[in-house]
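A short write-up of the structure that comes next.
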Amino acid sequence: MMDITKEIEARYEDMVAIRRHMHMYPEVSFQEENTKQYIYDQIRDLGFDIRRDVGGNGIVARLHVDDNFPTIGLRADFDALPIQDGKDVPYRSQIDGAMHACGHDAHTAMLITAARILSDHKEELPVNVVFIHQHAEEMLPGGARAMVEDGALDGIDYVFGQHVSSNYPVGTLSYTYDYAYANADSFNIIIQGQGGHGAEPHDAIDPVVAAASLIQQLQSIVSRTVDPLKSAVVTVGTFNSGSVFNVIPDTAEIRGTVRTFEREVKEQVQNRIENIARGIESSFGVQCTVEYSDGYPALLNDNAQVGHVVSAVRDAAYVKTAEENPPSMGGEDFSYFLQNRPGAYVYTGVGNSELGADYPHHHPKFDIDESGMKAGLETLLRTIMEFDNA
């Protein structure tokens with residue numbers, strides 16, 4: 001039988017090398033041409049049925065064991081961010097203005113390593129396995145939806161994903177039942193007034209005052225519209241208008257984000273934004289154009305599959321602690337996979353302040369304690385090897 005600990009130790013240096021190569025040569029969302037070729041080169045000789053360019057730059061590799069077995073999908077994302085790497089390390093990004101500042105390089109290194117190990121132990125597997133390498137998680141509309149539409153989940157019964165986190169120390173598995181991430185929507189409102197001289201406001205229609213009132217009223221949505229036992233966030237992030245101190249401008253523009261979990265709350269907030277804008281039009285004589293954009297949908301875990309992952313690592317060598325944590329108001333397009341198949345999304349700790357691996361995600365100095373990938377790899381392997389006991 002497979003000795004998971006022995007396999008992880010034997011493959012660890014190669015896993016680190018994969019992660020560092022990707023860290024040195026990052027590519028941002030929808031531009032991952034070299035990255036997808038690199039991933040393919042790492043798995044092409046493992047005997048998988050491989051589809052390339054799935055939904056864009058995605059790769060789907062299938063390891064078939066038995067027609068009577070369930071099929072499990074494991075997903076890793078592989079795009080980087082448009083951030084300048086601020087670290088002084090040998091594996092610092094060599095691509096100007098691009099950096100793996102969120103850990104997708106580690107996700108890919110763990111999934112490639114899991115594929116190599118599982119292919120070597122094919123006859124021992126209790127399930128068929130599909131390795132899903134996803135592009136463009138960081139940029140709307142994301143790669144997950146296009147991959148699903150292009151058949152990435154065909155034949156898959158359950159799907160699992162994980163994300164490394166510098167917020168948790170090495171050896172920690174963090175999990176959340178039910179909702180783990182929010183709907184991550186955005187809005188843009190243009191307020192059209194009538195410009196004029198700052199000394200003669202009676203001859204103008206001031207969009208700045210109207211926009212200021214609009215912003216104030218938007219803040220009442222959560223406190224006075226949404227059920228206090230449900231979660232919602234409405235945040236205005238930008239307010240732009242005018243360029244001269246003594247001129248009333250023609251237009252003002254505000255942009256913001258809406259975060260919710262339940263669809264009915266999302267729709268309630270969206271409708272309230274529209275209604276408030278109509279009221280501003282009546283009150284101030286302006287015209288408001290509201291553009292509401294759907295972001296990634298809320299990520300809803302299947303609790304039975306969360307329980308399976310937690311159970312699978314109960315006697316793990318590298319996962320020392322499994323702890324439940326509250327949901328995040330962030331967004332994650334793994335939600336598209338979970339809209340179509342039951343599964344779970346969990347976090348693996350890679351934080352270590354002594355190594356400087358405690359910067360937040362998307363920070364120019366973000367890094368990981370690479371030893372944390374052992375626990376992440378172990379989670380993937382145990383999720384597969386113990387699935388028949390789920």
Side-chain angles (χ1 to χ4, degrees), residues 15 18-19 22-23 26 29 73-81 83 99-114 131-139 142-144 147 159-182 184 295-302 305-306 309-310 312-313 318-319 321-338 343-352 357-363 366-383:
M15 182 166 60
I18 293 170
R19 184 257 167 174
M22 291 191 61
H23 201 85
S29 303
L74 301 176
R75 173 268 205 175
D77 39 15
F78 58 77
D79 57 322
L81 285 154
I83 296 174
M99 177 194 172
H100 273 290
C102 202
H104 296 185
D105 50 348
H107 302 169
T108 303
M110 290 187 289
L111 191 60
I112 289 173
T113 306
F131 305 93
I132 303 170
H133 291 277
Q134 184 211 311
H135 61 298
E137 187 278 331
E138 296 286 3
M139 182 182 294
M147 290 191 71
V159 63
F160 296 88
Q162 67 171 325
H163 203 300
V164 296
S165 175
S166 61
N167 296 324
Y168 304 112
V170 169
T172 301
L173 175 77
S174 171
Y175 61 93
T176 303
Y177 288 109
D178 297 314
Y179 286 105
Y181 281 105
Y296 298 151
L299 189 153
L300 180 60
N301 278 318
D302 181 271
Q305 302 314 314
V306 174
V309 176
V310 174
V313 301
Y318 302 105
V319 180
T321 302
E323 60 181 49
E324 183 178 359
N325 281 289
S328 166
M329 281 295 184
E332 163 61 57
D333 77 345
F334 187 72
S335 55
Y336 288 111
F337 293 110
L338 291 180
Y345 193 72
V346 298
Y347 272 100
T348 295
V350 291
N352 186 337
D358 56 353
Y359 287 94
H361 293 247
H362 295 207
H363 190 283
F366 175 82
D367 204 355
I368 69 170
D369 181 340
E370 291 168 323
S371 69
M373 291 193 295
K374 293 182 179 181
L377 176 57
E378 183 177 34
T379 300
L380 294 176
L381 295 175
R382 288 181 174 272
T383 296

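Please read these numbers as outputs of a predicted model, since none were measured by experiment.
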For the residue pair [X] and [Y], establish whether any side-chain heavy-atom pair is separated by less than 4.5 Å.
X      : Y      : value
His362 : Glu138 : yes
Tyr296 : Glu332 : no
Asp77  : Asp333 : no
Phe160 : Val309 : yes
Val346 : Gln162 : yes
Leu338 : Leu300 : no
Tyr345 : Asn301 : yes
Phe366 : Ile83  : no

Separation of [Y] [atom2] from [X] [atom1] (nearest 0.5 Å):
X      : Y      : atom1 : atom2 : value
His100 : Asp105 : NE2   : CG    : 5.0 Å
Leu377 : Tyr318 : CG    : OH    : 9.0 Å
Glu323 : Thr176 : CD    : OG1   : 10.0 Å
Leu299 : Tyr179 : CG    : OH    : 10.0 Å
Asn167 : Ser174 : CG    : OG    : 9.0 Å
Thr379 : Leu173 : OG1   : CG    : 5.0 Å

Just say parallel, tilted or perpendicular for the rings of [X] and [Y], cut-offs at 30° and 60°.
X      : Y      : value
His135 : Phe78  : tilted
Phe334 : Phe337 : tilted
His163 : His107 : perpendicular

Taking all non-hydrogen atoms of both residues, which atom of His361 and which atom of Cys102 are closest, and how far apart?
ND1-O, 3.2 Å
Where do Ala298 and Ser335 come nearest, in terms of heavy atoms and distance?
O-CB, 3.5 Å
Given the options Asp369, Val319, Thr348, Val170 meets side chain to side chain contact (heavy atoms under 4.5 Å, CB included) only with Asp369
Check the pair Met139, Asp79 against side-chain contact (heavy atoms from CB on, under 4.5 Å), reporting the backbone distance first and the verdict last.
CA-CA 9 Å; Met139 182 182 294; Asp79 57 322; 5.8 Å; no
